[in-house]
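Numbering of ligands and ligand atoms starts at 1, following listing order.
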Amino acid sequence: MVDMDTLVSLCKRRGFIFQSSEIYGGLGSAWDYGPLGVELKRNIRNLWWRDIVHLRRDVLGLEAAVLMHPRVWEASGHLERFTDPMVDCRECKRRFRADHLDTQAWLHYCPAKKDNKFEIPAGEACKHCGAHRTLCPVCGKGELTEPRQFNMMLKTFLGPVEDSAAVTYLRPETAQGMFVNFENVLQAMRRKLPFGIAQIGRSFRNEITPGNFIFRTREFEQMELEFFVNPLDTVDGRPADEYWHDHWIETRMAWYQRYGISSQNLRLREHAKEELAHYAKRTVDIEYQFAIGWSELEGIANRTDFDLRRHAEVSGRTLSYFDEERKQHLVPYVIEPAAGVDRTVLAMLTEAYHVEDVRGEKRVVLRFHPEVAPVKIAVLPLLKKREEIVSRCWELRDRLAARGWVTVYDDTAAIGRLYRRQDEVGTPYCVTVDVQTVGDAEKGETGDGRVTIRDRDSMGQIRVPIADLETAFADLLGGAAWAAVAARYPAQAGS
Ligand code: GAP
């Protein structure tokens, strides 16, 4: 599996992800998405939105403001309980999450050795003296303070006066936007239970120890669905909330696999009772085997009626649903699949990364699913000095781009290099225009009007009439296998 440093370096070099404010030394907890990263991220958002909102009959979209009334956070429990235990080093003053201390390597001055400064892997004891870490893992000298609870919401002030009346928070989750709009959506859209409200947007958390690239940042994006169910209903003989919880766990696991994440790198983790969030009856995480080990990609919680009840209590409004059949008002239960856009980007990058040996040369290839790939097609000239070839390339680029496929032109290297560059950013198909395509007027030769399409994964090449390009790509990018499309055209030898 690719390690994090290799991924970070590829992402920077090839325009996926840059350190935020790098020219000022960078901001450890924030990252900027470059020209390819922004396409990748947008594809992930769009696929989620299409599959969760557009293709389903029972889910509606919403986009709430990041800034919400401060009482939202009182009702949701975030003001009181959205905390992590934090410890400080008395020597170097570094701050750590108490529950993360043993997940990082630690510095140890071993009393049993002369040359005694060692870095010991996370969670392990010193093999010379047998000691476990008790001091600061970074400086190796300082005692740590007792854990204190630290609220992770990012505080800000609205308006010109920075007093307590003006305090508000950047939302730590998008979920509350759906709860406070439950009644609006219900009234406006006249829905019957069960139905969901979905939202994609930024959230902010003042994480004590952000890190591991885009895995844990202070500003990130979430894709959340609040699926409201009637707690009095049963489905297949089971309480509706439990049935729908399992439905969403299965649906979300299948979603990651549909877009190229292998089942071996995904697993479910049931939260133990002591670890459940204050609102949850049951939570199951979908974990991915990242370079840092198995970690949460998405959480799927049964939030019961906690949020709607709390908002009704604090706002004084009635937030309920009228069950026509039973002729009674009730408060719906909520099943919440909550995914991170950035963590999905990281999982897709990790999964796609492959290194191969091609005729004695190293080939780095990102095997993205075509719908995930930031660029779908690259149009490349075999000779950049031939005007007819270059202008035909640009014409094709524009034609394919107009069909809605992100298509780029590149002539900054020889063709073999250009192919490798496209492999390294995961472009599924290249189109090459050569002398045979356009002919040679000086020699009185007419072109054959065909171009080469090259497949990223097999490196196979076919000669396709320009008039057929759109049909071929509609098939390929629509999910047809390369072999099926390739069988329609003559093969071409190549790299
Ligand atoms: N509304 C429920 C909720 O927010 P969560 O498990 O805290 O649940 C959901 O967050 C998802 O958001 C996580 O599974 C993860 O993908 C993403 N996420 C949470 N904190 C993050 C952070 N600091 N950086 C990047 N992604 C984060």
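Atom 24 (N) of ligand 1 has as its closest protein heavy atom Thr217 N, 3.0 Å. The protein heavy-atom contact nearest to atom 6 (O) of ligand 1 is Glu296 OE2, 2.8 Å. Among protein heavy atoms, atom 5 (P) of ligand 1 sits closest to Arg205 NH2, 3.9 Å. Distance from atom 25 (C) of ligand 1 to its nearest protein heavy atom, with residue and atom name: Phe215 O, 3.1 Å. Distance from atom 11 (C) of ligand 1 to its nearest protein heavy atom, with residue and atom name: Ala338 O, 3.6 Å. Gly340 CA, 3.8 Å is the protein heavy atom nearest to atom 17 (C) of ligand 1.
Polar contact with ligand 1: absent for Ala175 (N/O pair, distance under 3.5 Å). Below 3.5 Å of separation, one finds an N or O of Leu297 facing an N or O of ligand 1. For a threshold of 3.5 Å applied to N or O pairs, the pair formed by Tyr279 and ligand 1 contains no separation below that value. At a 3.5 angstrom cut-off on N or O pairs, Arg216 does not count as close to ligand 1.
No side-chain donor-acceptor contact under 3.5 Å links Asp423 to the backbone of Val365.
When heavy-atom distances to ligand 1 are checked against a 4.0 Å cut-off, Arg218 has no atom that comes that close, whether in backbone or side chain. Under 4.0 angstrom from ligand 1, there are no non-hydrogen atoms of Gln176.
Counting heavy atoms of neighbouring residues, nucleotides and ligands inside a 6.0 Å radius, atom OH of Tyr24 does not exceed 12 of them.
One finds a salt bridge joining Arg269 and Glu275 here, because a Lys/Arg side-chain nitrogen approaches an Asp/Glu carboxylate oxygen to under 4.0 Å. A salt bridge links Arg282 to Glu270: one of the charged nitrogens lies within less than 4.0 Å of a carboxylate oxygen. In this structure, Glu207 does not pair ionically with Arg218, as no charged nitrogen and carboxylate oxygen lie closer than 4.0 Å. Taking the charged nitrogens against the carboxylate oxygens, Lys12 and Asp32 have no contact shorter than 4.0 Å, which rules out a salt bridge. Contact check on Glu336 versus Arg303 returns a salt bridge, with a Lys/Arg side-chain nitrogen under 4.0 Å from an Asp/Glu carboxylate oxygen. Using a 4.0 Å cut-off between charged side-chain N and carboxylate O, Arg94 and Asp88 make no salt bridge.
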Open item on the list: Assess the residue pair Glu74 and Arg71 against the criterion (salt bridge (charged side-chain N to carboxylate O under 4.0 Å, His left out)); give the C-alpha distance rounded to whole Å, side-chain angles, the decisive distance to 0.1 Å, and a yes or no.
Closed with: CA-CA 5 Å; Glu74 178 191 331; Arg71 295 202 74 194; 3.2 Å; yes
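Every atom of ligand 1 with a heavy atom of Glu224 under 4.0 Å away is listed here by number and element: 1 (N), 2 (C), 3 (C), 4 (O). The ligand atoms of ligand 1 that sit less than 4.0 angstrom from a heavy atom of Arg303 are 1 (N), 2 (C). Heavy-atom proximity to Glu298, at under 4.0 Å, picks out these atoms of ligand 1: 14 (O). Less than 4.0 angstrom separates some heavy atom of Glu173 from each of these atoms of ligand 1: 1 (N), 2 (C), 3 (C), 4 (O). Close approach of ligand 1 to Glu336 (heavy-atom distance below 4.0 Å) involves ligand atoms 1 (N), 2 (C). Distances below 4.0 Å separate heavy atoms of Gly299 from the following atoms of ligand 1: 14 (O).
Within the structure, the closest approach of Asp342 to ligand 1 does not fall below 4.0 Å when heavy atoms are considered. By the 4.0 Å heavy-atom criterion, Glu287 is excluded from the residues contacting ligand 1.
Considering Phe227, Trp244, Phe228 as possible partners of Phe195, the one that fulfils the ring pair (Phe, Tyr, Trp, His ring centres under 6.0 Å) test is Phe228.
Looking at Ser203 and Glu173, their side chains never bring a donor and an acceptor atom within 3.5 Å of each other. Defined by atom type and a distance below 3.5 Å, a donor-acceptor pair is present between the side-chain atoms of Asn265 and Glu351.
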